[in-house]
Amino acid sequence: MYMSTDEVRNAFLKFFESKGHQIVDSSSLVPANDPTLLFTNAGMNQFKDCFLGLEKRAYTRATTAQRCVRAGGKHNDLENVGFTARHHTFFEMLGNFSFGDYFKEDAIAFAWEFLTEVLKLPKERLLVTIYETDDEAFEIWNKKVGVPAESIIRIGDKKGGKPYESDNFWQMGDTGPCGPCTEIFYDHGDHIWGGKPGTPEEDGDRFIEIWNNVFMQFNRHADGTMEPLPKPSVDTGMGIERISAIMQGVHSNYEIDVFQALIKAAAEVIGYEDLSNQSLRVIADHIRSCSFLIVDGVMPSNEGRGYVLRRIIRRAVRHGNKLGAQGAFFHKLVGVLAEVMGSAGLELKKQQAVVEKVLRIEEENFGKTLERGMAILSDALDNLEGKVLDGETVFKLYDTYGFPADLTNDVARERDFTIDEEGFEKAMEAQRQRAREAGQFGTDYNAAIKVDTASEFSGYNSTESESKVTDIFVDGQAVESLSAGEKAILVLDSTPFYAESGGQCGDAGVIVTQAGQFKVEDTQKLGNAIAHHGEMLEGVLAKGDAVNAKVDAERRQSISLNHSATHLLHAALRKVLGDHVTQKGSLVKAESLRFDFSHLEGMTAAEIKEVERLVNTHVRQNHDIETNVMDIDAAKEKGAMALFGEKYDDEVRVLSMGDFSTELCGGIHANNTGDIGLFKITSEGGIAAGIRRIEAVTGEAALDALDAQQEKYEDKLSEAAQKAKALEKEIAQLKDKLASQASSNLSSQAKEIAGVKVLVAQLDGADNKALRGMVDELKNQLGSGIIMLGNVAGDKVGLIAGVTKDLTGKVKAGELVNMVAQQVGGKGGGRPDMAQAGGSDAAALPAALASVDSWIEERL
């Protein structure tokens with residue numbers, strides 16, 4: 001029976017939904033609050049705290065189709081991708097989970113029913129493995145399900161290994177939850193080489209594992225003892241690519257519908273005809289991991305998750321280059337991927353434009369160096385003595401040309417060479433932080449604080465409550481009481497203190513008893529409990545004490561205003577920049593807010609101004625901030641924005657601010673948008689490729705920011721005015737100097753009329769103020785004489801006349817300048833020895849000045 005991959009996915013989820021399981025969306029490929037994982041690599045990752053007893057959900061049965069990536073550190077399939085039938089950087093894990101609900105019998109029955117009745121796989125082609133000593137599982141398979149004993153294989157501990165080191169015994173870490181596994185294998189037929197599990201030929205491709213049931217039934221202690229868990233749980237996984245291959249009658253995962261569509265699309269955009277080429281498989285695999293990593297907020301960079309993404313992109317581009325790709329091609333496959341992923345590709349469709357742009361930019365940047373780097377590598381391999389490329393060359397290719405070491409290794413391997421990895425590591429030193437996976441859940445959870453009771457949060461409408469102390473912890477150890485000076489964690493049965501979540505920082509305040517006072521410095525989640533971190537200021541406090549819990553109300557109010565402002569900011573950014581904008585992180589404090597979002601380019605000053613204006617518009621409109629509790633489906637129908645990859649309960653709080661903003665949020669908010677008062681962006685910048693950060697303030701802090709900005713501008717204005725004044729003085733001095741120099745040249749042009757020295761000249765473009773100094777200087781140089789200067793500046797005429805005092809009885813400067821001024825459309829006058837005038841007819845100036853000689857001659 002043929003089934004598409006999307007049909008397999010939907011059939012699996014619907015089957016387990018019919019068995020009472022809650023369908024839970026795939027979590028992000030970036031694990032939430034889990035520093036021990038590079039990427040989500042198994043379906044159970046998002047349920048880790050449920051299995052550890054640190055988190056309780058509204059359901060005890062769940063089913064998912066979880067996106068996974070294995071491309072770094074311990075789980076690095078990169079080198080095998082494209083060269084084997086079942087290695088991928090990205091895959092989907094179908095899973096069903098029980099949190100202390102059903103156990104082995106039901107889990108085995110569910111798996112068998114789905115495979116044989118829903119998918120209708122022939123029973124004779126299925127065989128199972130169990131842990132060597134798990135007689136309970138054997139009895140269920142053999143007696144209740146009816147699998148023949150010869151089709152049930154016991155797998156023991158590995159030779160020379162520690163106890164419980166077996167492919168059929170799962171452990172979360174060296175200590176903590178663990179238990180036996182039972183796996184289901186499919187026989188692809190005797191025409192394919194390979195043997196049954198546990199035989200020397202088990203690595204062949206005939207018998208392929210398709211389902212793994214993990215039974216968490218023990219808590220392993222550091223001394224090796226196995227303590228039975230009070231609520232055994234089930235974690236299962238089935239790779240969708242493997243089961244789809246079976247349902248589509250093919251052997252290799254790369255022959256299923258998803259990969260065939262991508263391979264054909266890759267061949268088309270590259271212009272390559274041989275669809276069996278392994279490089280096309282690499283490209284088809286890599287577009288899946290790259291696209292969904294970007295969807296989940298990972299951007300190419302030189303460290304951590306971004307470095308892994310970058311090297312996968314570059315590996316794909318290099319394989320396209322091998323096939324003769326011209327120009328950027330990789331990003332053109334995103335649309336095909338979104339379509340072929342069916343129901344699992346909806347979020348990719350929403351962010352398709354962003355994903356394409358990120359890939360195109362990264363591809364183009366790499367393309368600029370690829371040709372040169374490949375030439376250097378090829379030359380190095382051609383001239384290599386021996387079969388190992390030295391680490392210095394590998395490092396040079398990485399450092400100068402952006403070639404990840406594994407890309408160099410790929411090229412070398414294709415030519416039957418290897419690279420000196422140890423030498424490369426030494427050359428890298430502190431310049432590279434390679435992405436490493438720290439292993440699965442390395443924390444010793446036996447030492448972690450565990451609280452059995454849940455805390456009731458009462459702080460949405462109050463900052464004070466009467467409560468009771470249920471637990472006290474000092475240095476991770478439970479204690480019965482506290483004395484002054486001791487730092488501790490308190491847990492209350494109910495509390496108004498908000499625990500840090502969703503970017504909103506935890507509350508601070510005091511917890512008061514009749515005998516003492518505890519200062520709360522921070523509030524954090526502890527599973528389903530709320531942990532108050534702080535110090536005993538005075539007196540004593542004991543477990544079971546009645547207390548009065550008081551939140552710092554003023555600080556809480558400032559936090560709530562900033563939190564509400566982030567919602568308005570998010571909506572405004574989507575309006576101004578586009579719907580591709582999604583939240584990638586936030587920090588809401590009393591003093592300020594920080595908001596990270598996806599956008600490929602820096603915001604312009606106009607965009608920042610528009611976002612600020614839009615937020616303040618909705619602040620002034622004073623929308624009621626309404627919260628409604630509803631089920632998740634109703635919230636989505638209402639249009640509520642959710643953070644993709646975040647975990648949400650069945651019932652969620654929907655926060656609305658008019659028609660402008662509707663989001664899921666469990667945080668503390670203002671009553672009305674008008675309470676925010678004023679919103680002011682203080683900075684905008686990039687924090688990673690494709691991720692921008694805005695920092696902003698509200699209310700009183702926004703006014704302070706404006707005051708500080710105004711003071712800054714006033715200081716700059718005063719500084720500029722002083723500088724301008726100094727420059728004007730300097731210019732005046734220079735003009736005087738130039739006038740002095742010009743007057744020296746002009747004095748030689750004077751002529752005699754009736755025995756008197758007369759100087760008449762036109763000086764276009766001169767400064768009228770400078771002309772006065774020039775006339776004084778000329779009078780000094782001539783000793784005795786008459787001066788008439790004209791100047792044209794723009795469309796204005798400037799005139800100035802000077803007469804030495806010994807001649808003012810015969811010729812007066814005022815009369816002279818007025819005579820000339822009347823000819824150029826103006827008039828003027830002044831003292832007998834110095835007079836100025838203006839005019840508007842510049843064209844008439846030469847003739848007017850020419851009349852001066854005869855006018856003076858008549859008076860002399």
Side-chain angles (χ1 to χ4, degrees), residues 721-860:
Q722 291 176 3
K723 190 174 182 179
K725 192 173 182 180
L727 287 172
E728 286 175 1
K729 185 176 181 180
E730 185 179 344
I731 289 169
Q733 292 171 342
L734 288 170
K735 285 181 176 178
D736 288 344
K737 188 175 181 181
L738 288 172
S740 177
Q741 292 173 349
S743 64
S744 297
N745 296 329
L746 284 173
S747 62
S748 63
Q749 300 177 23
K751 55 190 174 183
E752 287 193 9
I753 299 176
V756 174
K757 294 176 182 177
V758 177
L759 175 61
V760 181
Q762 181 173 336
L763 305 171
D764 292 347
D767 181 83
N768 287 330
K769 187 177 179 181
L771 291 178
R772 296 189 66 172
M774 186 180 293
V775 169
D776 287 337
E777 184 66 26
L778 285 168
K779 284 161 72 173
N780 290 333
Q781 291 176 10
L782 294 176
S784 176
I786 300 168
I787 302 158
M788 181 66 229
L789 301 179
N791 175 51
V792 176
D795 58 354
K796 300 293 184 182
V797 176
L799 302 170
I800 187 166
V803 180
T804 55
K805 289 187 177 181
D806 62 312
L807 298 173
T808 55
K810 297 179 179 180
V811 177
K812 291 181 172 49
E815 293 175 354
L816 172 58
V817 81
N818 192 49
M819 182 274 294
V820 177
Q822 288 177 0
Q823 300 180 59
V824 294
K827 61 180 180 177
R831 302 192 317 269
D833 63 331
M834 177 79 77
Q836 283 184 281
S840 58
D841 189 356
L845 180 60
L849 291 177
S851 69
V852 171
D853 288 356
S854 60
W855 187 87
I856 291 175
E857 190 173 6
E858 288 177 4
R859 281 152 182 76
L860 293 176

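All values below come from the heavy atoms of this structure, side chains included, with hydrogens, waters and symmetry mates left out.
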Any chance you could measure [X], atom [atom1], to [Y], atom [atom2], to the nearest 0.5 Å?
X    : Y    : atom1 : atom2 : answer
I856 : K810 : CD1   : NZ    : 12.5 Å
L763 : L789 : CG    : CG    : 5.5 Å
I786 : T804 : CD1   : OG1   : 7.5 Å
K779 : M774 : NZ    : CE    : 14.5 Å

Search all heavy atoms of [X] against all heavy atoms of [Y] and return the closest pair with its distance.
X    : Y    : answer
V820 : V852 : CG2-CG2, 3.7 Å
A848 : V824 : CB-CG1, 4.0 Å
L807 : S784 : CD1-OG, 3.8 Å
A842 : V792 : CB-CG1, 3.9 Å
E752 : G755 : OE1-CA, 4.0 Å
S851 : Q823 : OG-NE2, 2.9 Å

- Test side-chain contact (heavy atoms from CB on, under 4.5 Å) applied to K757 and L778, I787, L782, the passing residue: L782

- Message: As a quick check of understanding, evaluate side chain to side chain contact (heavy atoms under 4.5 Å, CB included) for L799 and M788, giving each step before the final call.
- Response: CA-CA 8 Å; L799 302 170; M788 181 66 229; 3.8 Å; yes

Tabulate below the donor-acceptor pairs under 3.5 Å that side-chain atoms of residues 811-819 make, not counting sequence neighbours, or state none.
| from | atom 1 | to | atom 2 | distance (Å) |
| --- | --- | --- | --- | --- |
| K812 | NZ | T808 | O | 3.3 |
| N818 | OD1 | G828 | N | 3.3 |

- Close side-chain approach of D776 and M834, heavy atoms under 4.5 Å: yes

